[in-house]
2 protein chains.
Amino acid sequence: MDDVTAAALSKIPIFNGLEPDVLDKIASHAHQNTYKKGKILFIHGDIAEHYYIVKSGHVKLFRETLDGTQTVIDVLSENDIFGHSLLFEDNRYPSSAEIAQTGVIISLPLSDLREEMYKNNDIAVNLLRAITLQLNHKDRELEHRFTQSATQRIGCFLLRQALKDKTGRPVITLPYDKMLLAARLGMQPETFSRALSRLKKKTGMKIEGACIHLDTLDRLSTYTCSSCSVKFPCKDLINKS
Amino acid sequence: MDDVTAAALSKIPIFNGLEPDVLDKIASHAHQNTYKKGKILFIHGDIAEHYYIVKSGHVKLFRETLDGTQTVIDVLSENDIFGHSLLFEDNRYPSSAEIAQTGVIISLPLSDLREEMYKNNDIAVNLLRAITLQLNHKDRELEHRFTQSATQRIGCFLLRQALKDKTGRPVITLPYDKMLLAARLGMQPETFSRALSRLKKKTGMKIEGACIHLDTLDRLSTYTCSSCSVKFPCKDLINKS
DNA sequence: CGAGAAGTTGAGCGGCATCAATTGTAGTGG
DNA sequence: CCACTACAATTGATGCCGCTCAACTTCTCG
């Protein structure tokens with residue numbers, strides 16, 4: 001349990017442009033901690049008391065049904081924030097959170113955010129900006145699940161990953177293991193494996209473990225984006241939170 | 001193009017608890033209009049200048065891919081609000097809106113809301129409340145699409161409709177036609193038809209056009225909710241926006 | 001009453017899940 | 001350092017759910 005500096009927080013979008021004293025106050029109640037893979041941060045239905053920022057590693061948000069089936073809602077990476085949408089509601093987490101890859105997580109009390117939001121319009125507006133963005137992403141997600149094939153969903157993910165790394169960079173690194181990626185994209189590991197090798201044939205990319213090499217994104221994008229409502233260099237889709 | 005009274009607006013959640021003068025100002029820029037079925041309010045990609053409130057009828061929000069496939073994002077009913085999540089972004093509508101059933105729609109300028117949001121923290125907080133709710137609903141939607149069968153998705157919709165009408169009321173009325181409902185639930189009309197009759201066999205309900213009679217919700221809920229992460233009387237799911 | 005759309009029903013098919021077997025890989029302890 | 005174990009990843013066989021195409025019936029409305 002280490003302390004967190006205001007400077008570290010100031011990089012997070014929802015704390016943009018805040019007065020130093022506000023930032024200090026928020027930072028004074030923040031704690032950061034290293035969690036190992038497999039650690040459960042909270043379970044669906046728990047009373048929500050904190051929201052979190054991922055400093056490193058990955059966090060899986062998911063929900064389980066009575067029969068044990070697990071749906072992955074999202075997988076979060078560096079500087080992503082989660083739990084901040086529980087300002088109202090009945091204050092129970094709508095999903096469970098598990099550390100998917102060992103890393104550092106900052107936890108902050110929701111009560112602070114709630115209090116601040118009523119007093120400080122900047123925070124309210126920042127939150128609004130973050131959450132409307134998220135909402136739009138969810139809509140896209142829904143469209144993709146519906147219109148794209150498993151193979152296209154992988155291609156779409158790879159393209160956005162490539163755009164995020166560096167524009168047109170021909171080396172894509174899978175950010176986490178394939179099982180998690182498959183779950184994140186709403187398919188079985190077996191399907192993922194088969195779909196990836198189909199993509200390989202169709203686009204001529206070379207796969208070496210977690211590294212994927214390709215000469216140009218063209219073949220990938222024409223195959224993938226044919227059944228999407230957004231024209232290819234879909235820059236508005238690459239940033240989250 | 002008729003004028004809108006402040007009293008009419010005060011019923012909408014995002015305008016809750018506002019000062020009368022603010023409400024008057026907002027109302028003074030609002031217009032209501034009757035639109036016929038099939039009318040397109042805006043198209044995906046248009047510059048967003050208004051947000052809307054449904055006073056009657058139904059509105060279909062959807063997106064189209066290059067190959068013409070249409071994904072229904074949502075279907076809105078009385079007192080639902082849409083377009084209010086475009087306060088930031090590049091100000092383009094992320095989906096198209098079409099009148100699915102003739103009705104009265106109020107349109108309001110987004111610029112007002114944007115301006116007011118910065119000045120008036122109550123509005124910002126109200127918006128935040130509305131949009132976090134929406135976000136949580138989208139998560140559920142995504143889960144349902146993934147874990148439930150087509151038949152269960154219909155059952156789930158019927159249950160929430162029943163809860164919305166009156167607790168445990170054994171008569172459910174389909175709010176709009178079956179083609180639209182099928183699209184809303186992410187399936188083809190043929191699949192809907194078959195799934196509904198399967199549901200009829202499994203739960204013993206009686207279907208007469210848009211009216212569905214059943215003695216108790218028990219059989220329906222046990223069949224439907226077995227693959228859901230929320231225990232049955234899922235009251236938090238019945239209200240939107 | 002007729003035209004066109006909504007809704008139903010049947011036949012066939014394809015994508016993805018499931019089950020099962022095998023290989024690859026990373027972490028553990030002797 | 002290597003053998004052992006556990007899990008990740010791949011590959012094959014099979015089956016089911018929902019999509020597609022097509023024909024037919026029912027409903028709605030001018």
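The structure presented is a predicted model; accordingly, all values stated were derived computationally and were not measured. Sequence lines set the chain letters: A, B, ... in the order given, protein chains first and strands last, and positions in each chain run from 1.
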Atom-to-atom span, [atom1] of [X] to [atom2] of [N] - whole angstrom:
X	N	atom1	atom2	answer
B/Leu174	C/dG7	CG	C1'	13 Å
A/Leu199	C/dG15	CG	C1'	16 Å
B/Phe146	C/dA17	CZ	P	7 Å
B/Arg198	C/dT9	CZ	P	13 Å
B/Gln188	D/dC21	CD	P	10 Å
B/Asp177	C/dT8	CG	C1'	15 Å
B/Gln101	D/dC29	CD	C1'	15 Å
A/Met179	D/dA6	CE	C1'	13 Å

Practice prompt. Assess whether one donor atom and one acceptor atom, taken from the side chain of B/Arg194 and the base of D/dT20, lie less than 3.5 Å apart.
Written response: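 It does, because a donor-acceptor pair links the side chain of B/Arg194 to the base of D/dT20 below 3.5 Å.
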Worksheet item: For A/Thr191 and C/dC16, is the shortest distance between a side-chain N/O and OP1 or OP2 below 4.0 Å?
Response: no
Identify the two heavy atoms, one from [X] and one from [Y], that lie closest to each other, and give their separation to 0.1 Å.
X	Y	value
B/Ile14	B/Ala130	CG2-CB, 3.8 Å
A/Arg184	A/Arg145	O-NH2, 3.0 Å
B/Gly155	B/Leu220	CA-CD1, 4.1 Å

Discussion item. Quick check for you: among D/dC19, C/dT8, D/dT11, whose closest atom lies nearest to any side-chain atom of A/Ser193?
Written reply: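 Closest nucleotide among those given: D/dT11.
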Fill in: Residue closer to the 5' end of DNA chain C, A/Gln148 versus B/Glu190 (nearest nucleotide)
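The residue closer to the strand's 5' end, by nearest nucleotide, is B/Glu190.
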Worksheet item: NZ of B/Lys202 to OG1 of B/Thr222: how many Å apart, nearest 0.5 Å?
Response: 11.0 Å
Worksheet item: How far does CD1 of A/Ile131 sit from NZ of A/Lys138, to the nearest 0.5 angstrom?
Response: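 That separation rounds to 11.0 Å.
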Practice prompt. Would you mind telling me which residue lines up with the more 5' stretch of DNA chain D, A/Pro189 or B/Thr151, judged by nearest nucleotide?
Written response: A/Pro189
Worksheet item: Heavy atoms under 4.0 Å, any strand shown: does B/Ser149 hit a base, just sugar-phosphate, or nothing?
Response: sugar-phosphate
